[in-house]
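First comes the structure, then the notes that go with it.
Counting convention: from 1, in listed order, for ligands and their atoms alike. Note that these values count all heavy atoms, side chains included, but never hydrogens, waters or copies made by symmetry.
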Amino acid sequence: MSATIETALRRAVEDAAADLYVWSLKDIPSDLRDALGAALERETHQVGRRILETIHTNVAVADEGKRLVCQDTGIAVYYCRVGEYFPLHPARIYAALKAGTERATVEHPLRSNTVHTLTRENTGANVGYRVPIVHWDFVPGWDGLDVKCVPKGSGSENMTFLKMLVPADGVAGIKRFVLDAIVDAGGKPCPPGIVGIGLGGSADYAMHLAKEAIARPVGSRNPDPLVAQLEAELLELINQTGIGPQGLGGVTTAMAVNIEWAHTHISQLPVAVNMQCWRGERACALIDAGGNVTYPD
Ligand code: SF4
């Protein structure tokens, strides 16, 4: 590959990272906008309605002024699907994502949340050791790059739960654990949002799956009918808790329950729960081998 193409691709990935980080904080995806509208329509609880109306005003003010929807700029997390023939090595993609994150933070400017875990010293640019966090998937026979930015705010990210159930706990045990997590979390993850659940794999992989699940659009269903049925049953149970918008009561505590799963060990049943707040920060870019960038919704 010529140095010119490599420079153009690095620049395209860096620009896309900078755009995605800012857009994911300013623009709520259309599926979430629709789901927030539907939540307001069906809300019967007086305080729940008032909270949802305030959320709608918040979104309108952010749209009008092109402002951030919430002050928490999260921690930069990207999901990359790299085509087998995409002509930029993942090490260089990572460097470009990091440069884009830093540039967005400094130039916008965005609040920097990234600190040393022990000293709590702020790096000032939302990057640091192993930050941004990047997850990789490799796609055979393709020459493109798909980047999704999902910067989780801490209110929702702190409400994360993992349990290694035993197989005898079964589906009833999964439901009990998820409902306990929702009740423990209450209003802290800024409901109504998306409840992401990772089932199976190992402890670390279950958590990875839960995080993948929160990045799936509202209204999508897991392709496995058994898992899709569990998604629907859990959504109904969660909304029966009455926790409601911001935890102040109401009929919508979650707008969606999304489950991702993997096979697991004969003696394990890992279950992870990760919550996404109503803001649902998420933005995607598609970059082709020539460095052309498109932004699907
Ligand atoms: S949980 Fe979401 S809406 Fe609530 S403060 Fe954090 S980023 Fe903002």
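The ligand atoms of ligand 1 that sit less than 4.0 angstrom from a heavy atom of S156 are 1 (S). Short contacts between ligand 1 and G155, defined as distances under 4.0 Å to a heavy atom of the residue, involve ligand atoms 1 (S), 6 (Fe).
In summary, the aromatic rings of W23 and Y295 are positioned with their centroids under 6.0 Å apart.
Atom 2 (Fe) of ligand 1 has an N, O or S atom of C277 closer than 2.8 Å.
No donor-acceptor distance shorter than 3.5 angstrom exists from the side chain of S24 to the backbone of R282, with no hydrogens or angles considered.
Here the heavy atom of the protein found nearest to atom 4 (Fe) of ligand 1 is C190 SG, 2.3 Å. Protein heavy atom nearest atom 5 (S) of ligand 1, with residue, atom name and distance: C70 SG, 3.6 Å.
E157 and N274 share a donor-acceptor pair across their side chains, judged by distance under 3.5 Å alone.
A cation-pi arrangement is found for R81 relative to W142, the charged atom lying closer than 6.0 Å to the ring centre and inside a 45° cone about the ring normal.
Note on ring orientation: taking the six-membered ring where Trp is involved, the planes of F161 and F177 are perpendicular (angle over 60°, cut-offs 30° and 60°).
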